[in-house]
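The block underneath contains the structure these notes are about, expressed in structure tokens.
Count residues from 1 along the sequence.
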Amino acid sequence: MTNQDQPAGRRPSKLAAALQNAVTRVHSMLYRSSNGVIGGRIANSPVLLLTTTGRRSGNQRTVPLLYLMDGRNVVLVASNGGALRHPTWWLNLQTTSEAWIQIKGIRRRVKAEQASATEKQRLWPRLTAMYPGYKRYQEITDRDIPVVIIRSMEEDKSGPND
């Protein structure tokens with residue numbers, strides 16, 4: 001198989017993946033302990049914590065992600081930095097669509113679904129205006145990067161802290 005036959009996308013090394021996991025754990029801890037004062041913005045974009053249920057382990061997994069508000073819904077991009085594969089959090093949500101988000105000090109139970117093609121077409125310009133890197137990520141991968149819509153299952157209630 002030649003390089004031209006292989007799917008396009010970023011291929012992180014094992015070391016890069018381990019470093020990303022360590023940074024994710026520290027970021028999540030600082031965000032949670034400061035209610036988003038520390039780690040609440042990256043690249044001038046807002047950050048939330050998403051906690052999913054691991055599709056294999058059943059364990060709770062938390063990741064910091066950029067987000068966009070769309071009315072009462074939260075919008076996420078499953079870009080994985082333009083990697084070949086979808087991010088683990090999106091694979092987890094495809095198995096168990098219920099999750100938790102934390103925005104600053106507020107935690108909510110949520111349900112996730114992939115945006116329709118029409119919804120993605122409407123949201124993509126706003127997402128790339130918020131974070132231009134998304135456009136580049138889509139250019140370097142053969143995957144159609146999913147846009148994920150997060151809907152609150154509970155209105156204005158705070159959940160238990162992990």
Side-chain angles (χ1 to χ4, degrees), residues 7 9-10 12 17 20-33 35-36 39-43 45-131 133-135 137-138 141-162:
R10 188 176 58 80
Q20 182 178 353
N21 288 340
V23 168
T24 294
R25 281 190 300 276
V26 170
H27 187 159
S28 297
M29 180 193 68
L30 292 171
Y31 186 111
R32 187 169 282 134
S33 65
N35 287 327
R41 291 192 80 74
I42 293 178
S45 299
V47 174
L48 59 70
L49 295 182
L50 172 70
T51 302
T52 61
T53 302
R55 68 193 182 287
R56 294 183 185 145
S57 69
N59 294 333
Q60 297 296 293
R61 307 285 185 198
T62 300
V63 292
L65 298 170
L66 302 182
Y67 71 94
L68 175 76
M69 291 303 300
D70 183 49
R72 298 180 90 160
N73 298 326
V74 173
V75 181
L76 307 175
V77 177
S79 66
N80 204 14
L84 285 171
R85 295 189 172 100
H86 292 305
T88 303
W89 63 262
W90 174 232
L91 299 175
N92 290 343
L93 286 172
Q94 289 177 304
T95 301
T96 304
S97 63
E98 293 183 14
W100 286 90
I101 60 170
Q102 180 176 338
I103 297 176
K104 298 184 180 175
I106 308 286
R107 283 180 43 92
R108 285 198 170 95
R109 278 187 52 195
V110 296
K111 190 161 186 142
E113 65 182 44
Q114 185 168 350
S116 69
T118 302
E119 288 171 314
K120 181 176 179 179
Q121 186 176 15
R122 176 179 67 82
L123 293 165
W124 192 252
R126 292 179 54 206
L127 290 161
T128 57
M130 176 189 80
Y131 182 69
Y134 290 142
K135 184 176 182 211
Y137 298 158
Q138 186 59 80
T141 187
D142 289 339
R143 284 188 301 118
D144 181 33
I145 293 177
V147 170
V148 182
I149 298 177
I150 303 291
R151 302 181 200 287
S152 182
M153 294 175 62
E154 301 175 349
E155 292 304 317
D156 301 318
K157 290 184 183 174
S158 189
N161 286 325
D162 300 5

Tell me if a side-chain donor or acceptor on His27 pairs with a main-chain N or O of Gly39 at a distance below 3.5 Å.
yes
Can any side-chain N or O of Ser33 pair as donor or acceptor with the backbone N or O of Leu30 at less than 3.5 Å?
yes
Using modelled atom types and a 3.5 Å cut-off, is there a donor and acceptor pairing between side-chain atoms of Thr141 and backbone atoms of Gln138?
no
Under a 3.5 Å threshold, yes or no: a donor from one side chain and an acceptor from the other, between Thr52 and Gln60?
no
The residue among Leu50, Val23, Val47, Ile42 that forms side-chain contact (heavy atoms from CB on, under 4.5 Å) with Pro64 is Val47
Would you confirm whether Tyr31, through its side chain, and Val26, through its main-chain N or O, come within 3.5 Å as a donor-acceptor pair?
no
Hey, is CD on Gln121 packed in by over 12 heavy atoms from elsewhere, all under 6.0 Å?
no
Using a 3.5 Å distance criterion without hydrogens, assess whether the side chain of Arg61 forms a donor-acceptor pair with backbone atoms of Trp89.
no
Positive for side-chain contact (heavy atoms from CB on, under 4.5 Å) with Val75, one of Asp70, Val148, Leu66
Asp70
To the nearest 0.5 Å, atom CG of Leu127 lies from atom OH of Tyr67 at 13.0 Å
Arg55 side, atom CZ; Thr88 side, atom OG1 - distance, nearest 0.5 Å:
5.5 Å
Any sub-3.5 Å donor-acceptor pair from Asn73's side-chain atoms to Arg151's backbone N or O?
no
